[in-house]
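Residues take their numbers from the sequence shown, with the count starting at 1. These figures come from a predicted structure and were not determined experimentally.
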Amino acid sequence: MKNSVLSVVFVLGLALILVRCARETIIEVPDEPSRIVMISHFTEGQPVRVKVTLSQPVYSGREPQTPAVVDISLSSRGVFLDKLKRSDPGQPISWYSRDTIQPNTPYTLVARIAGMPVAEATDEVPVHGRLKPVRIIDSLIRTEDLGNGNMALRVPLELELFDPRGSNLYFAFSLMHELDVYDVSEEPPFLDYTSFKPSFFLADGPTLALLHDIPEPIVLINRNFWNDGRRTINLTAYIPYNAENEVPRSIFVEWRTLSESFYRYHLSVARQGNNNTPLADPDAVFNNVKNGYGNVSAYSVSVDTLMLPN
């Protein structure tokens, strides 16, 4: 008993010494001059849209400032193409071009604000790495009863590349489904409207470990997914619906081929969000804007429409 009391006294005394020895240390982080931040992701046949803000210290709790006046030009191979226009009042603030993007063409965005370094970035829409026609495995479709008239349709899908060796292997995808919604207040019920909703999906553990949710409404596929020679992604689309007045009709599979700049930027952002351990080293966010910050990058896209069996 005496030894136990002495041990407790010793531990308390040691803790008191450590507390008294601890000192608060303030590390001064030098501020950098504010620079232009540009975010733009463009694709073939669409105008360029750019969101512009100003950089600020990492410890700032404010929303990034959007400049009132900024001059943004679009050019290709040194030839001026367009001066971007600011969005109309009441719309999310961005700048957009009248020209639309063409394939096999590098595009350069240059942003100028008085008193700040001129920011510049270039990228090109990549050659599209298409899928073979997406296949629904009809024999494995299942309907799940969720109770209270709510159901869920599980639809297994195969997404297979034509030739993974001939592509840059930077890909992303999204799933959306179509529901026919009926008015059942009268007899017989009649089609009221059609609803389009993003689809959840299920996959095995190794596949999910190499998929990343990103701010874009798509799922990024880690390039390492293809390292062992795989060329097929197996997913199960999960479609909840109300059996009383909704009927699932189709699934839309959007498949994007990404430029390296698009892939590296969004992968770095996803890793930042997943790095929750206090002692882990943060991944630097990829930046391809010269004399500024942000990401200007491109992608090509295709959409497969899959009709669901009745």
Side-chain angles (χ1 to χ4, degrees), residues 39-49 76 96-97 99-107 123-138 155-179 194-203 207-208 210-226 229-239 248-267 270 295-309:
I39 301 293
S40 176
H41 310 307
F42 54 84
T43 190
E44 180 181 348
Q46 299 293 322
V48 175
R49 284 195 175 272
S76 179
Y96 63 94
S97 68
D99 281 18
T100 56
I101 294 300
Q102 303 300 316
N104 306 315
T105 306
Y107 288 92
D123 205 17
E124 180 176 349
V125 175
V127 175
H128 195 46
R130 292 189 63 88
L131 294 171
K132 292 183 177 181
V134 178
R135 188 167 78 92
I136 293 178
I137 307 175
D138 293 346
V155 185
L157 306 174
E158 276 190 358
L159 283 62
E160 182 178 356
L161 289 172
F162 266 114
D163 183 7
R165 295 168 299 176
S167 172
N168 62 15
L169 302 184
Y170 301 139
F171 298 115
F173 69 89
S174 68
L175 304 179
M176 180 171 287
H177 60 268
E178 175 186 23
L179 296 173
T194 299
S195 172
F196 299 90
K197 298 180 179 180
S199 305
F200 300 109
F201 65 87
L202 310 171
T207 298
L208 289 175
L210 292 169
L211 302 180
H212 307 278
D213 290 325
I214 64 175
E216 288 275 301
I218 52 173
V219 178
L220 185 74
I221 305 169
N222 195 298
R223 195 179 193 279
N224 293 332
F225 180 87
W226 316 101
R230 283 185 290 182
R231 58 188 298 167
T232 303
I233 296 180
N234 294 103
L235 305 171
T236 298
Y238 186 83
I239 304 174
R249 288 301 185 195
S250 59
I251 297 174
F252 304 98
V253 181
E254 178 181 315
W255 184 255
R256 293 191 189 185
T257 303
L258 315 174
S259 71
E260 183 177 356
S261 291
F262 188 112
Y263 174 83
R264 292 182 63 188
Y265 171 74
H266 283 290
L267 181 63
N295 183 244
V296 171
S297 58
Y299 62 93
S300 53
V301 62
S302 60
V303 179
D304 279 280
T305 302
L306 312 174
M307 301 307 298
L308 294 171

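Side-chain atoms of Ser199 come within 3.5 Å of backbone N or O of His177 as a donor-acceptor pair.
Two residues are said to be in side-chain contact when any heavy atoms from C-beta on lie closer than 4.5 Å; Asn234 and Glu158 meet this criterion. Counting heavy atoms from C-beta outward, Glu124 and Tyr107 have side chains that stay 4.5 Å or more apart. Residues Phe201 and Phe173 are in side-chain contact: their nearest non-hydrogen atoms beyond the backbone lie under 4.5 Å apart. For the pair Leu175/Val253, a side-chain contact is recorded, criterion being any heavy-atom separation below 4.5 Å from C-beta on. Looking at heavy atoms from C-beta onward, Phe162 lies out of side-chain contact with Leu131 at the 4.5 angstrom threshold. Put simply, the side chain of Lys132 does not reach to within 4.5 Å of the side chain of Leu161, judged on heavy atoms. Leu157 places none of its side-chain heavy atoms less than 4.5 Å from the side chain of Thr236. Within the 4.5 Å cutoff, no side-chain heavy atoms of Tyr170 are placed close to those of Arg264.
The minimum heavy-atom distance linking Ser174 with Ile218 is given by the pair CB-CG2, 4.0 Å. Of all non-hydrogen atoms in Leu210 and Phe225, the two that sit nearest each other are CD1-CA, 3.6 Å. Contact detail for Leu211 and Val219: the closest heavy-atom pair is CB-CG1, 3.7 Å. The two residues Pro126 and Thr257 make their nearest non-hydrogen contact at CG-O, 3.3 Å. The two residues Thr100 and Pro47 come nearest to each other via the heavy atoms CG2-N, 4.0 Å. Trp226 and Leu169 get closest at one heavy-atom pair: NE1-O, 3.6 Å.
Salt bridge Arg256/Glu216: present, at least one basic N to carboxylate O contact under 4.0 Å.
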Residues Tyr265, Ile39; criterion side chain to side chain contact (heavy atoms under 4.5 Å, CB included); working and verdict: CA-CA 10 Å; Tyr265 171 74; Ile39 301 293; 3.4 Å; yes
From CA spacing to verdict: side chain to side chain contact (heavy atoms under 4.5 Å, CB included), Val125, Asn104: CA-CA 7 Å; Val125 175; Asn104 306 315; over 6 Å; no
Stepwise side chain to side chain contact (heavy atoms under 4.5 Å, CB included) test for Val296 and Ser261: CA-CA 8 Å; Val296 171; Ser261 291; over 6 Å; no
Stepwise side chain to side chain contact (heavy atoms under 4.5 Å, CB included) test for Phe42 and Ser40: CA-CA 6 Å; Phe42 54 84; Ser40 176; 4.1 Å; yes
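In this structure, CG on Leu159 lies 8.5 Å from OG1 on Thr232, to the nearest 0.5 angstrom. Note: Thr305 OG1 to Ile251 CD1 = 10.5 Å, rounded to the nearest 0.5 Å. Of the inter-residue distances, the one linking Leu202 atom CG with Thr207 atom OG1 reads 11.5 Å to the nearest 0.5 angstrom. Between atom NE2 of residue His41 and atom OH of residue Tyr299 there is a gap of 9.0 Å, rounded to the nearest 0.5 Å. From Glu260, atom CD reaches atom CZ of Arg223 across 8.5 Å, with rounding to the nearest 0.5 Å. Rounded to the nearest 0.5 angstrom, Ser300 OG and Trp255 CH2 are separated by 11.0 Å.
Inspection of the Asp99 and Ser97 side chains reveals no N or O donor paired with an N or O acceptor under 3.5 Å. Residues Asp123 and Ser259 bring a donor and an acceptor atom of their side chains to less than 3.5 Å of each other. Counted by atom type alone, Glu178 and Ser250 present one or more donor-acceptor pairs between their side chains at under 3.5 Å.
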